[in-house]
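First the structure, in the form of structure tokens, and then the observations on it.
All values below come from the heavy atoms of this structure, side chains included, with hydrogens, waters and symmetry mates left out.
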Amino acid sequence: MADENISKGLVDAAFKKKESEEQEEVKEEEKATVGDIITFQKDGQQFEAVVTSTNLQNSVVCDMTIMDDFHERNLDFEKTVVAHTNYRIKKRRDV
């Protein structure tokens, strides 16, 4: 009986996890495209970047050198990868 309750609990937990992952998916129209400016947080800092590639399934590649204080921040890289769920679109590219 105890094994049956454990199994039921594991199945329930798996379904709840799958449901939460599906809810976190970003709709296509809400995803950034090349040229869009996005904002995101990393290590407690706010960043701004321009999207340079959207070829990844769950994220975008972006260039952070558009920030006025980029060189003062002493960052290790000019570009970074940001998951769709972790950024906000600040400005859509001009068409």
Closest contact, heavy atoms only, K90 versus E48: NZ-OE1, 2.6 Å
Can you tell if the side chain of I66 reaches within under 4.5 Å of the side chain of I37, non-hydrogen atoms only? yes
What I'd like to find out is whether the side chain of F47 reaches to under 4.5 Å of the side chain of K42, using heavy atoms alone. yes
Nearest 0.5 Å, please: how far is CD in Q57 from NE2 in H84? 8.5 Å
Contact summary for M64 and L75, nearest pair of heavy atoms: CE-CD1, 4.1 Å
Rounded to the nearest 0.5 Å, what's the gap from CZ on F77 to OG1 on T65? Could you check? 15.0 Å
Does the side chain of V82 come within less than 4.5 Å of S59's, by heavy atoms? no
From the list V51, I38, D36, T39, side chain to side chain contact (heavy atoms under 4.5 Å, CB included) with Y87 holds only for I38
What do you reckon, is CD of E78 surrounded by more than 12 foreign heavy atoms closer than 6.0 Å? no
Trace of the side-chain contact (heavy atoms from CB on, under 4.5 Å) decision for R92 with T33: CA-CA 8 Å; R92 292 281 185 182; T33 58; 4.1 Å; yes
Heavy-atom side-chain proximity of R93 to V34 below 4.5 angstrom: no
First locate atom CD of E72, then atom CG of N74, and finally report the distance between them rounded to the nearest 0.5 Å. 8.5 Å
Tested for side chain to side chain contact (heavy atoms under 4.5 Å, CB included) against C62, the lone hit among T80, T54, V50 is T80
Counting only heavy atoms not in D68 (residues, nucleotides, ligands), do more than 12 fall under 6.0 Å from its CG? no
Evaluate the side-chain proximity of V60 to V81: yes if any heavy-atom separation is below 4.5 Å, no if none is. no
Would you indicate whether E29, at its atom CD, is surrounded by more than 12 heavy atoms from other residues, nucleotides or ligands within a distance under 6.0 Å? yes
Value rounded to 0.5 Å, distance of CD in Q45 from CE in M67: 8.0 Å
